[in-house]
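Heads up: the structure comes next, in structure tokens.
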Protein chains: 2
Amino acid sequence: MPHPVEAVGACPISPVVDLVFSRWSTPILWVLKEHGRQRFVQIQRRLSGITPKVLTQRLRQLERDGLVTRSYHAEIPPRVEYEISDLGRTLGPVFAVLTEWSDTHFTRVETARHAYDTADRPLPA
Amino acid sequence: MPHPVEAVGACPISPVVDLVFSRWSTPILWVLKEHGRQRFVQIQRRLSGITPKVLTQRLRQLERDGLVTRSYHAEIPPRVEYEISDLGRTLGPVFAVLTEWSDTHFTRVETARHAYDTADRPLPA
DNA sequence: AGAGCCACTATCTTCTGGGAACCTACTGTA
DNA sequence: TACAGTAGGTTCCCAGAAGATAGTGGCTCT
């Protein structure tokens, strides 16, 4: 579900958002960043809940975008490993600033949600 | 399309990603940040392509999360204005680092995509 | 022989985003 | 008076993406 092209004119970071923050992309990148090179099932286990189909789709997309590298070892039995690429590692500061924002401000979001949900709304129809 | 809860354990920024980077949220916040207080149709026009239904949905969500404030003026005719909140404004550094990453690295993504698409793949089945 | 692992693929079903049209209340034009 | 237009939505429907479930083929372990 890519962002529509129309949004790009108004918002220059739309392409990056599609790239890094589409569904499951961030958790996958995070796992590879934190735990290094991983096999398919290892990623799947760390992200309990992801189905193999979706994991394959996302890994292919991340590989195509150059954020992840896939290495196939023609051994017996064969082995496939995924690793975050150099380009993927350049996202470090992005993740860092997001973590910081989360630590500093996320409670305010939760407060706002609770306030919104419990407000008697005047129903300004 | 919220990220599943299972991902949060493995990736602490999943909640923020849902908050800020769900479809259309970023362009809306961007518009409000750049152009200040706006009426419904003004936002719609700047984001040419968004339908009123989706814009309503996203604005409600952003309002609930405290990132946007909605003000209803009971005039004749009534008027509704949306503005980015103080909490929303704290996302500035997040957007800045994303813009910077985009400017610095996005061409590498495009190169990677082209390379992937034109490679003869050995089909390692 | 039977069970299990690995890296997927195939086939459903469900869910959500998007498109088009409609709605109410008001204003402006003729 | 009729007609058109604006603002801020809502309703209905469909297509495409995500998710659940199951299967596959080769290998190994007991």
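These values consider heavy atoms only, across backbone and side chains, with no hydrogens, waters or symmetry-generated copies. Every chain is numbered from 1, with letters handed out A, B, ... down the list of sequences.
- Comment: Glu81(B) does not engage Arg39(B) in a salt bridge, judged by the lack of any side-chain N to carboxylate O separation of less than 4.0 angstrom.
- A donor-acceptor pair shorter than 3.5 Å cannot be found between the side chains of Gln57(B) and Arg60(B).
- Phosphate contact (OP1/OP2 of dC5(C), side-chain N/O of Arg45(A), threshold under 4.0 Å): absent.
- Rounding to whole angstrom units, CD1 of residue Ile43(A) and P of dC6(C) are separated by 13 Å.
- Protein atom CG of Leu59(B) is 11 Å distant from nucleotide atom P of dT10(D), rounded to whole Å.
- As rounded to whole Å, 14 Å separates atom P of dG8(D) from atom CD of Glu63(B).
- Distances shorter than 4.0 Å separate some side-chain N or O of Arg60(B) from OP1 or OP2 on dG9(D).
- DNA chain C is contacted by Arg39(A), Phe40(A), Val41(A) of residues 30-41 of chain A, taking any non-hydrogen atom closer than 4.0 Å.
- Proximity note for Arg79(A) (side chain, C-beta onward) versus dG9(D), dT9(C), dA7(C): the nearest is dA7(C).
- If you take CD of Gln44(A) and P of dA20(D), they are 11 Å apart, rounded to a whole angstrom.
- Residues Ser25(B) and Ser22(B) bring a donor and an acceptor atom of their side chains to less than 3.5 Å of each other.
- Taking atom CG of Leu47(A) as the reference point, atom P of dA20(D) lies 13 Å away to the nearest angstrom.
- Set against dG17(C), dG19(D), dC8(C), the side chain of Trp24(A) has dG19(D) as its closest nucleotide.
- Between the CD atom of Gln57(A) and the P atom of dA7(C) there is a distance of 18 Å, given to the nearest Å.
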Using the 3.5 Å cut-off, write out each protein N or O paired with an N or O of nucleotides 19-29 of chain C and the distance between them.
| unit_1 | atom_1 | unit_2 | atom_2 | d |
| --- | --- | --- | --- | --- |
| dG19(C) | O6 | Lys53(B) | NZ | 3.4 |

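- Under a 3.5 Å cut-off, the side chain of Thr99(B) and the backbone N or O of Ile13(A) do not form any donor-acceptor pair.
- Classification of the Phe95(A)-Phe21(A) ring pair by plane angle, with boundaries at 30° and 60°, yields perpendicular.
- Side chain of Thr56(A), nearest nucleotide from dA18(D), dG9(D), dC8(C): dC8(C).
- If you take NE2 of His73(B) and P of dA7(D), they are 15 Å apart, rounded to a whole angstrom.
- Between Tyr82(A) and dC8(C), a side-chain N or O to OP1/OP2 separation shorter than 4.0 Å is present.
- The hydrophobic cluster containing Leu19(A) does not contain Tyr116(B), counting ILVMFWY residues as joined when their side-chain heavy atoms lie under 4.5 angstrom apart, directly or transitively.
- Although no hydrogens or angles enter the test, the distance criterion places no donor-acceptor pair under 3.5 Å between the side chain of Arg64(A) and the main chain of Ala112(B).
- Checking side-chain atoms of Ser102(A) against main-chain N and O of Val16(B) turns up no donor-acceptor pair under 3.5 Å.
- Regarding Glu81(B), its CD atom lies at a distance of 13 Å from the P atom of dA7(D), rounded to whole Å.
- Under the 3.5 Å distance criterion, the side-chain polar atoms of Arg89(B) are left unmatched by any main-chain donor or acceptor of Lys33(B).
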